[in-house]
Amino acid sequence: MKILVPVKRVVDYNVKVRVKSDGTGVDIANVKMSMNPFDEIAIEEAVRLKEAGIATEVVAVSCGVAACQETLRAAMAIGADRGILVETDVELQPLAVAKLLKALCDKEAPQVVICGKQAIDDDSNQTGQMLAALMSWPQATFASKLVIAGGAATVTREIDGGLETLEIKLPAVVTTDLRLNEPRYATLPNIMKAKKKPLETVKPADLGVDVAPRLATLKVVEPAKRSAGVRVADVAQLVDKLKNEAKVI
Ligand code: AMP
């Protein structure tokens, strides 16, 4: 069974991003980039399924600029067998990525696609769901446990009231939540081995996909600065301020 794992190159989660002065987006010049953390969890899960003898091949896919090769090498250092880069300089939106992934699913015929639940740069939380819709495959999002057996996936999802467990027929799309697993650190020998694993590069046009953006970003602004707090003398003053100044009670 083949597993396809889309991995996105995003601004590292430790970086405090700055909005560009013209308000057109976030400044990513000279900023550390890394694999989207939810995608690391997805790769780890796929590699564990391979180690358990359930999967036979783990294919990592990244869509974007040439530097996404680094993200694919990182995925291969965790244990993916090979990588596919869909190279483009166009700003990719979730629908375009979902269409590219659909074209690759048609070609590669994986039984499971494990996506991250969301990319931490755009927080869209759309790509996996759109891919499932385009493929007419079942989907189970926000997985905190994944068991694959007998042509089906049993997925435990974290929901408001507790845990929900679904069974979906394969092929299917699963998206990862934070508690699914703790990704391993890539060891130096595995980083070296990853350099020799196959990495294929294709262009969106090779897959017959038009990736032109459908959404326009009108404006990006910094969040409002938090104003300094005040110390109150007693509960009565606190209640008074909440009532008359903050007007929240
Ligand atoms: P999003 O819908 O943008 O929040 O992304 C959800 C998931 O879709 C990510 O965690 C990745 O697994 C996948 N994904 C999104 N964009 C890309 C991309 N450019 N290349 C590869 N995978 C992506």
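When a ligand or atom number is given, it counts from 1 through the structure's own listing order. Any value given below was found using the heavy atoms of this structure, including those in side chains, with hydrogens, waters and symmetry copies removed.
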Give me the one residue out of Val239, Asp240, Leu238 that meets side-chain contact (heavy atoms from CB on, under 4.5 Å) with Leu242. Leu238
Salt-bridged, Glu108 to Arg82, with N to O below 4.0 Å? yes
Between Asp39 and Lys8, is there a salt bridge with N-O shorter than 4.0 Å? no
For a quick check: using heavy atoms under 4.0 Å, what are the residues in contact with ligand 1, sorted by chain and number? Pro6, Val7, Lys8, Asn36, Asp39, Val61, Ser62, Cys63, Val97, Cys115, Gly116, Gln118, Ala119, Asp122, Ser124, Asn125, Gln126, Thr127
Among residues at least two apart in sequence or on other chains, which ones pass salt bridge (charged side-chain N to carboxylate O under 4.0 Å, His left out) with Glu182? none
I'd like to check the side chain to side chain contact (heavy atoms under 4.5 Å, CB included) partners of Ala55; sequence neighbours left out, ordered by chain and number. Met1, Ile3, Leu49, Lys50
Which residues share a salt bridge (charged side-chain N to carboxylate O under 4.0 Å, His left out) with Arg48, sequence neighbours left out: Glu44
